[in-house]
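In what follows, a single structure is set out as structure tokens and then discussed.
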Protein chains: 2
Amino acid sequence: MPQDEPAGRTGRTDHDEQPRWLDAEQQRLWRAYLDGSVRFVDAMTREHDEQSEVSLYEYELLVRLSESPDGALRMSALADGLAQSRSRVTHTVARMETRGLVRRSATADDRRGVLCTLTDEGRRTLVVAAPTHVAAVRRYLVDVLTPEQFRALGEAMAAVAAACREARPS
Amino acid sequence: MPQDEPAGRTGRTDHDEQPRWLDAEQQRLWRAYLDGSVRFVDAMTREHDEQSEVSLYEYELLVRLSESPDGALRMSALADGLAQSRSRVTHTVARMETRGLVRRSATADDRRGVLCTLTDEGRRTLVVAAPTHVAAVRRYLVDVLTPEQFRALGEAMAAVAAACREARPS
DNA sequence: TCGTGGTAGTTGAAGGTTCAACCGGGTACG
DNA sequence: CGTACCCGGTTGAACCTTCAACTACCACGA
């Protein structure tokens, strides 16, 4: 209800603009987005829980490390790349370190920095997890869309990401 | 790396099919989706934290209730509609009940059922939160896309939702 | 070189989510 | 009837994330 056109427009107060509500069609699309995104992360999460040693988020973290030249990245680079808080990365890396997936060490130049490095065990885990991960991404997303749909989705979300980044510079 | 075409294709074992990796362009789009969706929920979450009495998720819950004829829904209907676990809904509703936003009561027909009802206070909270919520949805998503992009996004996510629902019937 | 302020990362507590176990109430089938 | 199984919902513990300090270091200006 509250997202629909309100029944009776009454006088406006000083500082609150008239909200531009979503029309019925916009609302339908917005709900579809919401529902789809929730179900998708849920499906991916379960897939990882059942088939993999690492959670969806831990997997993404391993991927970032693996893509970096030496399989190593500073904590802050990791946090920025994953669009997550430093605190969260610290905790997650700590847990992963005890499992032997990554290793932490000091950085050469900046004595504040901490370098997070992929271990052999971490790389092995990633290689094992990758096929089921990609298969799930395909099953729930890529392969259920036409190539044009997929492109449109990606481009749209890139615009959304840009808007979020701009409005709230992390 | 692991989502790219692997360097050397080696012999395949019995039960693992060759994974169909994402090509560079697909990967770019997939990453854009991931990044955008993370940043978007993050931006929405902060918006609610700063400007509203209720979290993003609690807001959605209130919306569902408000859309129902009597401002009331069974716990299971709530869980299904929000695509969330029953447990989570139980906990969330319990917290919201102590804040006076909703009320729980027994259902008439099925003695197992629990009816969750929006209180006046809950409705007031929703009405207050709605304008900033919609404004945020517009600022970070709707208004940064062309109408065609927005429609494409919604339709694509509807397809994703359907795929997830089908593969994992909740 | 001394402050001041910003950056990198960690910490622990508080709060939310998930998981598995559980309690009834319904339902179907002998 | 009774009993075995499913459904609706709750519980509490384990786990993860968030938040607000806090430490340590860098960088800039006076």
Side-chain angles (χ1 to χ4, degrees), chain A residues 38-39 41-50 52-61 72-99 101-117 168-170, chain B residues 38-39 41-50 52-61 72-99 101-117 168-170:
Chain A
V38 169
R39 288 188 194 278
V41 294
D42 209 63
M44 288 298 297
T45 298
R46 285 182 192 287
E47 210 76 25
H48 273 266
D49 282 358
E50 290 166 11
S52 173
E53 295 294 314
V54 286
S55 74
L56 175 56
Y57 171 58
E58 291 167 343
Y59 178 83
E60 299 298 339
L61 198 152
L73 237 33
R74 287 184 63 151
M75 298 296 280
S76 51
L78 222 33
D80 292 350
L82 296 166
Q84 301 289 354
S85 71
R86 293 175 196 286
S87 174
R88 182 172 177 182
V89 173
T90 295
H91 284 302
T92 305
V93 164
R95 285 189 295 265
M96 293 174 78
E97 193 171 27
T98 68
R99 288 195 275 152
L101 301 173
V102 297
R103 192 182 336 111
R104 271 186 290 192
S105 55
T107 49
D109 46 330
D110 188 340
R111 253 186 299 180
R112 294 169 301 181
V114 171
L115 198 68
C116 182
T117 309
R168 309 185 153 273
S170 67
Chain B
V38 169
R39 288 188 195 277
V41 295
D42 209 63
M44 289 298 298
T45 297
R46 285 181 191 287
E47 210 75 25
H48 274 265
D49 282 359
E50 290 166 11
S52 173
E53 294 293 314
V54 286
S55 75
L56 176 56
Y57 172 57
E58 289 167 342
Y59 178 83
E60 300 296 340
L61 197 151
L73 237 33
R74 286 186 60 153
M75 297 296 280
S76 52
L78 222 32
D80 292 351
L82 296 166
Q84 300 290 353
S85 72
R86 295 179 196 288
S87 174
R88 182 174 177 181
V89 172
T90 295
H91 284 300
T92 305
V93 165
R95 284 189 296 266
M96 293 174 78
E97 193 171 28
T98 69
R99 287 196 274 154
L101 301 173
V102 298
R103 194 182 333 109
R104 271 185 291 193
S105 55
T107 50
D109 47 329
D110 188 340
R111 252 186 299 181
R112 292 168 300 180
V114 171
L115 197 67
C116 181
T117 309
R168 309 186 153 273
S170 67

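What you see is a predicted model, and the numbers here were worked out from it, not measured in a lab. Below, chains carry the letters A, B, ... as their sequence lines are ordered, and counting in each starts from 1.
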Would one find a side-chain N or O of [X] under 4.0 angstrom from OP1 or OP2 of [N]?
X	N	result
A:Arg46	C:dT18	no
A:Arg88	C:dT10	no
B:Arg95	C:dG15	no
A:Arg86	C:dG9	yes

Least distance between heavy atoms, [X] atom then [Y] atom:
X	Y	value
B:Thr117	B:Ser105	OG1-OG, 4.4 Å
B:Ala83	A:Val38	O-CG1, 3.6 Å
B:Asp80	A:Arg39	O-NH2, 3.9 Å

Atom [atom1] of [X] to atom [atom2] of [N]: distance rounded to whole Å?
X	N	atom1	atom2	result
B:Asp110	C:dC23	CG	P	19 Å
B:Leu82	C:dT17	CG	C1'	15 Å
B:Asp49	D:dT17	CG	P	16 Å
B:Tyr57	C:dG16	OH	P	12 Å
A:Arg104	C:dA8	CZ	C1'	13 Å
B:Leu61	C:dG16	CG	C1'	14 Å
B:Asp109	D:dG8	CG	C1'	12 Å
B:Arg99	C:dG15	CZ	P	12 Å

Discussion item. I want to confirm an ordering. Mapping B:Arg111 and A:Gly113 to their closest nucleotides on DNA chain C, which one lands closer to the 5' end?
Written reply: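 Taking each residue's closest nucleotide, the earlier one in sequence belongs to A:Gly113.
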Worksheet item: Quick one: on DNA chain C, does A:Leu115 or A:Thr45 contact a more 5' nucleotide (nearest heavy atom)?
Response: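 That would be A:Leu115.
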Worksheet item: Can you check whether B:Thr107's main-chain N or O pairs, donor with acceptor, with B:Arg74's side chain at less than 3.5 Å?
Response: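 Checked: no pair found.
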Worksheet item: Hey, is the main chain of B:Met96 close enough, under 3.5 Å, to the side chain of B:Glu58 for a donor-acceptor pair?
Response: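 It does not hold such a pair.
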Worksheet item: Which one, C:dT7, C:dT18, D:dG9, comes nearest to the side chain of B:Ser85?
Response: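 Out of C:dT7, C:dT18, D:dG9, the nucleotide with an atom closest to B:Ser85's side chain is C:dT18.
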Discussion item. Heavy atoms from C-beta onward define the side chain here; which of C:dG9, D:dT10, C:dG25 lies closest to that of B:Met75?
Written reply: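 Taking heavy atoms from C-beta onward, the closest nucleotide is D:dT10.
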Worksheet entry | hbond_proxy B:Arg112 side chain to D:dC7 base (donor-acceptor, 3.5 Å cutoff) |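 Checked by distance alone, the answer is yes.
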Worksheet item: Checking only heavy atoms, does the side chain of B:Ser87 share a donor-acceptor pair with the base of D:dT11 at less than 3.5 Å?
Response: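 Present.
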Worksheet entry | B:Val41 and B:Tyr57, any side-chain heavy atoms less than 4.5 Å apart |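 Contact flag for B:Tyr57/B:Val41 side chains = no.
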With a 4.0 Å cut-off on heavy atoms, is [X] in touch with a base, just the backbone sugar-phosphate, or nothing at all?
X	value
B:Arg74	sugar-phosphate
B:Asp42	nothing
A:Thr92	sugar-phosphate

Worksheet item: Between B:Ser76 and B:His91, which is nearer to the 5' end of DNA chain D once each is assigned its nearest nucleotide?
Response: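 In this pair, the answer is B:Ser76.
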